[in-house]
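Accompanying notes for the structure given below.
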Amino acid sequence: MNKLFYNGVNFIEVPSGWHECEKWQLAALVGHMHQKEDLFAHRLMAFFILASTKDHFKHQLIIGALDEEDRHDVATHLTWWLYEKPIYYRHNPFPKYKGYHGPGADFQFVYFEEFIKAEKYYTAFAQEHKPEDLDGLVACLYRPKRWFYDEKNPLNPEDPRVLFSNSLHTVMLEKVKNWPPEMKLSIFYYFDSCLQLLVKLFPWAFTPAGESGPRLANDSKKTLYHVARELAKGIQLEQVLMRPIVPIFFELNESRIDAEKLKLQIKQQNRK
C-alpha cells in the first residue's frame, strides 16, 4: 500500500497495485481505464477511486482540502502504475456474484470444454470489443452452485459450479446481460491475465501477443477440439473435455519435449 501523509503525521493508505484493490475498486478502475478523458482529470478520478476505501468520507475530506498543485502531484505519483503497467491480476475478484459461481485464481476449476468456448469469446472481444462477446465469455465461466444431488466433475471435484453445457450457457447469457459492464470487464482481464501466464509457461502453443491479446497458435487446421480428440487416444472424449485446463497444457508440453528428444535420437542414429 502507498501512504499519503497529511498534517505531517497521519496518513491514508492507497492501493499500489491491482492485487491490493478491493473488488469494487478493481471493477470501477477497469471500467474507468476504458474511458477517454483529459489525462489529468482521468488520473484524478482514478485517484479518487483508489482512495475510496472503508474511510471513504474521511478520505474525501482530506483530498478535498488539498490545493490544486498538491492534488495534481498526488494524482500523478499514486496512480502511475495504472498508466505504465498493463492490467494484470490472476485472482478472480468476483468468485461469486448474484448467487452464481466463477473460477478461482490461475484458472482454478476451469476445464477443457469451457475453456475451448471461453477462449473464442475472449479472442472475439479482444478484437472487436462487442458487448455480446464479453457476455459470452462471462457466461462460459459463471454457473449456478452445484448441490449435493447434482452431477459433479470427477476430474475437478472441488469445482463449486454445475457442469458446463451449451444449453446452460444459453441460459447464463440472458443472466449476464444485465450485470454491470465494469464487473464483466474485470472478468475479461482476469481471463487475460491467466492466459498471459499460460503464454509465459507454454510460448510454443500461442501466437505472438498483439493488440488483440495472445491467441492459441493456429498454424494448421487443428483446433482445441482436435487437440482434445488426440489426447483422448482410446479413452472417452468427454473425460478429456472435463479435465482442468492447466494440467492439460503441462501434459502437452511433456509430449512435445518427448517428441523433440525422439527426433534428436533418430538424427543421431542416422549419422552413425
side-chain contact (heavy atoms from CB on, under 4.5 Å) assessment of Y142 paired with K98: CA-CA 10 Å; Y142 280 79; K98 290 190 174 182; over 6 Å; no

Kindly determine whether W18 and L29 satisfy side-chain contact (heavy atoms from CB on, under 4.5 Å), including the steps that lead there. CA-CA 9 Å; W18 292 103; L29 284 169; 3.8 Å; yes

Does the pair Y189 and Y88 meet the rule for a side-chain contact (heavy atoms from CB on, under 4.5 Å), with working shown? CA-CA 7 Å; Y189 281 107; Y88 185 82; over 6 Å; no

Derivation of the side-chain contact (heavy atoms from CB on, under 4.5 Å) call for Y100 and K175: CA-CA 10 Å; Y100 297 98; K175 300 287 186 182; 3.2 Å; yes

Could you walk me through whether E113 and R243 satisfy the salt bridge (charged side-chain N to carboxylate O under 4.0 Å, His left out) test, starting with their C-alpha distance in whole Å, then the side-chain angles of each, then the deciding distance to 0.1 Å, before giving a yes or no? CA-CA 8 Å; E113 185 175 13; R243 291 173 58 185; over 6 Å; no

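For the pair R161 and L141, the tightest heavy-atom approach, listed with the atom from each and the gap, is NH1-O, 2.7 Å. When all heavy atoms of E22 and W24 are compared, the closest pair comes out as OE1-NE1, 2.8 Å. In terms of heavy-atom proximity, L185 sits nearest to L134 at N-CD2, 4.1 Å. For A139 against L173, the heavy-atom pair with the smallest separation is CB-N, 3.8 Å. Scanning all heavy atoms of the two residues, the minimum distance from N166 to K117 falls at OD1-NZ, 3.0 Å.
Not one N or O on the side chain of E119 forms a donor-acceptor pair closer than 3.5 Å with the backbone of F115. Between the side chain of H169 and the main chain of S165, no donor-acceptor pair closer than 3.5 Å is present. The closest donor-acceptor contact from the side chain of E114 to the backbone of Y111 lies under 3.5 Å. Within the 3.5 Å criterion, the main-chain N or O of L50 finds a donor-acceptor partner in the side chain of Q25. When atom types are taken as modelled, the side chain of S193 and the backbone of R90 share no donor-acceptor pair closer than 3.5 angstrom.
Tracing side-chain contacts under 4.5 Å through hydrophobic residues (I, L, V, M, F, W, Y), one never reaches V176 starting from F109; they form parts of separate clusters. Grouping the Ile, Leu, Val, Met, Phe, Trp and Tyr side chains by contacts below 4.5 angstrom, directly or via other members, places V110 with L168.
Between M45 and H32, some side-chain heavy-atom pair lies under the 4.5 Å cut-off. Two residues are said to be in side-chain contact when any heavy atoms from C-beta on lie closer than 4.5 Å; F191 and P103 fail this criterion. In this structure the side chain of M183 reaches within 4.5 angstrom of the side chain of Y97, judged on heavy atoms. In this structure the side chain of P144 never reaches within 4.5 angstrom of the side chain of H101, judged on heavy atoms. Side chains of L198 and L195 form a contact here, defined as non-hydrogen atoms less than 4.5 Å apart. Side-chain atoms of F164 and D159, non-hydrogen and from C-beta on, never get closer than 4.5 Å to each other. Under the 4.5 Å side-chain criterion, counting only non-hydrogen atoms from C-beta, S186 is in contact with Y89.
In the model, S16 has a side-chain atom that pairs as donor or acceptor with a side-chain atom of E20 under 3.5 Å. In the model, Y190 has no side-chain atom that pairs as donor or acceptor with a side-chain atom of D106 under 3.5 Å.
With rounding to the nearest 0.5 angstrom, the CG atom of N178 is 9.0 Å from the CG atom of D135. Expressed to the nearest 0.5 Å, how far CG of D192 lies from CD1 of I187 amounts to 12.5 Å. The structure places CG of L82 at 10.0 Å from CD of E84, a figure rounded to the nearest 0.5 Å. Atom-to-atom distance recorded for I49:CD1 and M33:CE is 9.5 Å, nearest 0.5 angstrom. The OH atom of Y122 lies 10.0 Å from the CD atom of Q127; values are rounded to the nearest 0.5 Å. Between I87 atom CD1 and F188 atom CZ the span is 9.0 Å, to the nearest 0.5 Å.
Remark: K96 NZ is loosely packed, at most 12 non-hydrogen atoms of other residues, nucleotides or ligands lying under 6.0 Å away.
Not a single side chain to side chain donor-acceptor pair (under 3.5 Å) links N2 to another residue, sequence neighbours left out. Legend: residues meeting side chain to side chain donor-acceptor pair (under 3.5 Å) with T79, ordered by chain and number and at least two apart, are R43.
Relative to the ring axis of W147, K145 places its NZ or CZ within 45° and under 6.0 Å from the centre.
Aromatic rings from H42 and Y83 are positioned such that their centres are separated by under 6.0 Å.
In this structure, R146 does not pair ionically with E158, as no charged nitrogen and carboxylate oxygen lie closer than 4.0 Å. A salt bridge links K177 to E174: at least one charged side-chain nitrogen sits closer than 4.0 Å to a carboxylate oxygen.
Between F125 and H129, the two ring planes are perpendicular [angle over 60°; tilted spans 30° to 60°].
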